Chemist: 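Just dropping this structure here.
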Amino acid sequence: MTTAEKQPMKLTLAKARAEHARLGAEIAEHDRRYHGEDQPTISDAEYDELRRRYTALEAAFPELAGADSESRKVGAPPSEKFAKVRHAVPMLSLGNIFADEEVEEFCARVRRFLGLGDTAALDVVAEPKIDGLSCNLRYENGELVRAATRGDGYEGEDVTANVRMVKAIPHRLKGAPGIFEARGEVYMRHADFAALNARQAEAGKQVFANPRNFAAGSLRQLDPGITASRPLAFFAYAWGEVSEPIASTQLGAVEAMRRFGLPTNPLTRLCHSTAELIAHYHAIEAQRATLGYDIDGVVYKVNDLTLQERLGFISRSPRWAVAHKFPAEKAMTIVEAIGINVGRTGALTPLAKLKPVTVGGVVVSNATLHNEDEIARKDVRVGDTVVVQRAGDVIPQILEVVLDKRPHPAPKPYVFPQDDKGNFVCPVCGSAALREIDEKTGEADVVRRCTGTLVCAAQAVEGLKHFVSRNAFDIEGLGEKLIELFFTEGMIRTPADIFTLNARDGQGRPPLREWEGFGELSARNLFNAIDARRSIALNRFLYSLGIRHVGETNARRLARHFGDWEALRAAARAENAAEELSSVEGVGPVVAEAVADFFAEPRNEAALDALVREVSIEPMEAIAAGHPLAGKTIVFTGSLERMTRDEAKAIAERLGAKVSGSISAKTDLVVAGPGAGSKLAKARELKVETIDEEEWVRRSGRG
Ligand code: IVH
């Protein structure tokens, strides 16, 4: 019983009953959202507060604690998606305490129940309370046979297929009893959560509020393949059915589980006094932000398993254990501004600039707002007072707006940056910022993206790196480091600038040959390498532009279809561009739309004009016609000495040939260098014409 529960209540039974019913319905709804949908709408601390008030009412008016009381239920009933599993031993919950003084009360209660003196020795284990998803792992003869979620405590969901995908969970145990059920928490580390959630957001997929929901969502996937791609971790801290005891103490059992091969938490510790428990609690609390995973408190468990047995359970929780929760990492502050961050792929992410506030010991001045829909859903406006929450080192979130504190007159709802005509634009470069339409659902993507691929400073560096990369312009000696240097020095902003570097060299700054790390020779080599690429095949050119969804294959499809740059550009700029482009074989509406959006942006057009002045784009038909290698399928095998594999491939393609990685009846020619192995043998077997590099150089006209 917490301190709050013991305070006398100045309520009539009727009033208490009404409040109890209202709270009960609210708790049931939040349980359903949290356990059933993995999408809670209130914070854990708010939930705990509801529960605390609920149990306080029951403590004051015991007649309210009937059989259908929420205090007797655990979690939510299993969902319909998964087969159900009845737990051999129920998976129950834990009572909560919040203040240090309540630790002594817990120990005193235990002693009283056992009839021990007030000062009798009592060993208690303290360990972190992991904020994840509890799971029962059933091993028979050492083999993992079934995994189930907690569900309502009596019946959970069969998540065996998904759990088998979790690397941290052993499929075999060493030295465990014939039947052994390990219980513990599946969770996700902060670093993995942040990286994966960012990827989800970029891809316009569901973002998760915290690692727990992400872990839960991953484990309750119908497709185990998705679970496999989401790194989940596990800590064992309890057990269910066992065919023989594994230890006589809690700590001994944890150590036994570790010996069996199960991961256990290294901060598990045996304490001999209340003072030690409290000290360990604060030690764990101090490490909370740097642990790398979410914990929401410390669990105390009576160490002696015989005593645990005697203490037993009271409604939904054991008498021998309690969770000492951490104070909520939440705070209220004011939204001073809403800014937009443009990512390297052009995604516009709204960010709230906050009046700095300390949340869980860390000063917070920014919070992510994810996307437009999220801002609208929470209706966050500049000037609003908001509740922010921080979970470990995860980017702080805005939980909700405190509407009572909204200024008068109310600030306007936030809208993404627009130009004077009301079109959405990128705040960095002013290009149109659009939401793609999903081909299947017809719905707008949650992410708004800048279409100024060629000009946007936020995307420029990545775009330039792509532009010079091997399968694009492939400029020798102009690697990522140099692009970054030239960009920060302001020498290269758009692709065309690469080709005017030489002409501008020395203007307003020392010539390149005098830069640190450069010399006469390396500067000359670089300029020569750039000049060597002034002519490029249309498909490579198109690919180099970095248009969304236009990879090498789509670039080739478009280039083949239109043949030359003028025809392609005219089609892409036409009124019905998206329609026309989607008539190209293999090019779907999403790709067509992305190409049309790219060419519709005048800033890109200007950058393209400048680029086209510097380079010559070789038409496809011209190169495809006439040459003896045109239309042939070529396989390169073994090593080449005079050129790289990519270079040879580019030459072949420029001549209208197709390059394949494997030899079949369709192969026309094999170019074999030293070290060629099985492919060469196969070519001989199929009697495919085979030539060496010398001959290749001659035939391709590079000799
Ligand atoms: S012991 C009979 N130990 O917290 C109770 N639970 O709020 C057995 N949890 O259902 C639970 N870390 O999902 C225990 N070190 C820990 C825990 C832990 C997290 C979860 C577990 C439990 C819930 C209760």
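What's counted below: heavy atoms across the whole structure, side chains too, no hydrogens, waters or symmetry copies. In this text the structure is predicted, and so the values were computed from the model without any measurement.
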Chemist: Hey, what do you get for CZ (Arg259) to CD (Glu255), rounding to the nearest 0.5 Å?
Modeler: 7.0 Å
Chemist: I'd like to know if Glu181 pairs up with Arg138 as an ion pair, taking the criterion as any Lys NZ or Arg NE/NH1/NH2 lying under 4.0 Å from an Asp or Glu carboxylate oxygen.
Modeler: yes
Chemist: With a 4.5 Å heavy-atom cut-off, do Arg449 and Leu434 have their side chains touching?
Modeler: no
Chemist: Measure the spacing between OG1 of Thr149 and CZ of Arg220 and express it to the nearest 0.5 Å.
Modeler: 6.5 Å
Chemist: Step by step, work out the side chain to side chain donor-acceptor pair (under 3.5 Å) result for His282 and Asp100.
Modeler: CA-CA 10 Å; His282 289 295; Asp100 286 359; 2.8 Å; yes
Chemist: Distance check, rounded to the nearest 0.5 Å: Asn303 atom CG versus Gln250 atom CD?
Modeler: 7.0 Å
Chemist: Would you say that His87 contacts Glu241 through its side chain, given a criterion of any heavy-atom pair below 4.5 Å between the two side chains?
Modeler: no
Chemist: Going by atom types only, do His549 and Glu436 share a side-chain donor-acceptor pair under 3.5 Å?
Modeler: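 Yes.
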Chemist: Hey, are Glu484 and Lys481 close enough for a salt bridge, meaning a charged N less than 4.0 Å from a carboxylate O?
Modeler: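 Salt bridge absent between Glu484 and Lys481.
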Chemist: Calculate, to the nearest 0.5 Å, the distance between atoms CG and NZ belonging to Asp152 and Lys84 respectively.
Modeler: 10.0 Å
Chemist: Scan for ring-ring contact (aromatic ring centres under 6.0 Å, His included) pairs involving residues 249-280, sequence neighbours excluded, and state none if there are none.
Modeler: Phe180-Phe260
Chemist: So with a 6.0 Å cut-off around CZ of Arg146, is the heavy-atom count from everything else above 12?
Modeler: no
Chemist: Check whether any side-chain heavy atom of Ile246 sits under 4.5 Å from a side-chain heavy atom of Met257, and report yes or no.
Modeler: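 Yes, side chains in contact.
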Chemist: Would you say the side-chain atoms of Asn265 pair up with the backbone N or O of Leu267, donor to acceptor, closer than 3.5 Å?
Modeler: yes
Chemist: Do Ser248 and Asp304 have side chains that approach each other closer than 4.5 Å (heavy atoms only, starting at C-beta)?
Modeler: no
Chemist: Taking all atoms of both residues into account, what is the closest heavy-atom pair of Ala253 and Trp239, and its distance?
Modeler: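 It is CB-CZ3, 3.4 Å.
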Chemist: Do you know which two heavy atoms are closest between Ala433 and Arg448, and how far apart they sit?
Modeler: O-NH1, 2.8 Å
Chemist: For this output row, return yes or no: ring centroids of Phe98 and His324 closer than 6.0 angstrom.
Modeler: no
Chemist: Can His190 and Asp294 be counted as having a side-chain donor-acceptor contact under 3.5 angstrom?
Modeler: yes
Chemist: So Thr345 and Gln459, do their side chains get closer than 4.5 Å, heavy atoms only?
Modeler: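 Answer no - side chains too far apart.
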Chemist: If the condition is salt bridge (Lys or Arg N to Asp or Glu O under 4.0 Å), which residues does Asp373 pass it with, not counting sequence neighbours?
Modeler: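 Scan of Asp373 (salt bridge (Lys or Arg N to Asp or Glu O under 4.0 Å), adjacent residues dropped) gives Arg435.
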Chemist: So, Thr274 and Glu104: side-chain donor and acceptor under 3.5 Å apart, yes or no?
Modeler: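 Thr274 vs Glu104: donor-acceptor pair found between side chains.
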Chemist: For salt bridge (Lys or Arg N to Asp or Glu O under 4.0 Å), just list the numbers for Arg377 and Asp379, CA-CA rounded to whole Å, side-chain angles, deciding distance to a tenth of an Å, and then say yes or no.
Modeler: CA-CA 5 Å; Arg377 198 170 64 73; Asp379 190 19; over 6 Å; no
Chemist: Report the residues that fulfil ring-ring contact (aromatic ring centres under 6.0 Å, His included) with Tyr237, sequence neighbours left out, ordered by chain and then residue number.
Modeler: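 Once residues adjacent in sequence are excluded, Tyr237 has no partner under the ring-ring contact (aromatic ring centres under 6.0 Å, His included) criterion.
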Chemist: With heavy-atom distances below 4.5 Å as the criterion, would you say the side chains of Val254 and Val125 are in contact?
Modeler: no
Chemist: Let's go through Val110 and Trp320 carefully: what are the C-alpha distance in whole Å and the side-chain angles of both, what is the deciding distance for side chain to side chain contact (heavy atoms under 4.5 Å, CB included) to 0.1 Å, and is it a yes or a no?
Modeler: CA-CA 7 Å; Val110 167; Trp320 47 266; 6.0 Å; no
Chemist: Going by the rule ring-ring contact (aromatic ring centres under 6.0 Å, His included), which residues pair with Tyr293 if we only count those two or more places apart in sequence or in a different chain?
Modeler: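 Applying ring-ring contact (aromatic ring centres under 6.0 Å, His included) to Tyr293 gives Tyr187, Phe235.
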Chemist: Is any side-chain heavy atom of Val382 less than 4.5 Å from a side-chain heavy atom of Glu336?
Modeler: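 Answer no - side chains too far apart.
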Chemist: When rounded to the nearest 0.5 angstrom, what distance separates NZ in Lys301 from CG in Leu307?
Modeler: 15.5 Å
Chemist: Between CG of Leu219 and CD of Glu157, what distance do you get to the nearest 0.5 Å?
Modeler: 9.0 Å
Chemist: Is the closest side-chain heavy-atom distance between Val388 and Leu399 below 4.5 Å?
Modeler: no
Chemist: Give a yes or no on whether the backbone of Ile295 and the side-chain of Arg288 come within a donor-acceptor separation of less than 3.5 Å.
Modeler: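 Yes, because the side chain of Arg288 sits within donor-acceptor range (under 3.5 Å) of the backbone of Ile295.
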Chemist: Could you pull out every donor-acceptor pair under 3.5 Å between side chains of residues 163-172 and any protein atom, sequence neighbours left out?
Modeler:
from, atom 1, to, atom 2, distance (Å)
Arg164, NH1, Leu144, O, 3.1
His171, NE2, Arg164, O, 2.9
Arg172, NH1, Glu143, OE2, 2.2

Chemist: Kindly write out the residues that satisfy ring-ring contact (aromatic ring centres under 6.0 Å, His included) with His370, not counting sequence neighbours, or none if the list is empty.
Modeler: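 Applying ring-ring contact (aromatic ring centres under 6.0 Å, His included) to His370 gives none.
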Chemist: Give a yes or no answer on whether the side chain of Thr333 reaches the backbone of Lys355 with a donor-acceptor pair at less than 3.5 Å.
Modeler: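 At least one qualifying donor-acceptor pair exists.
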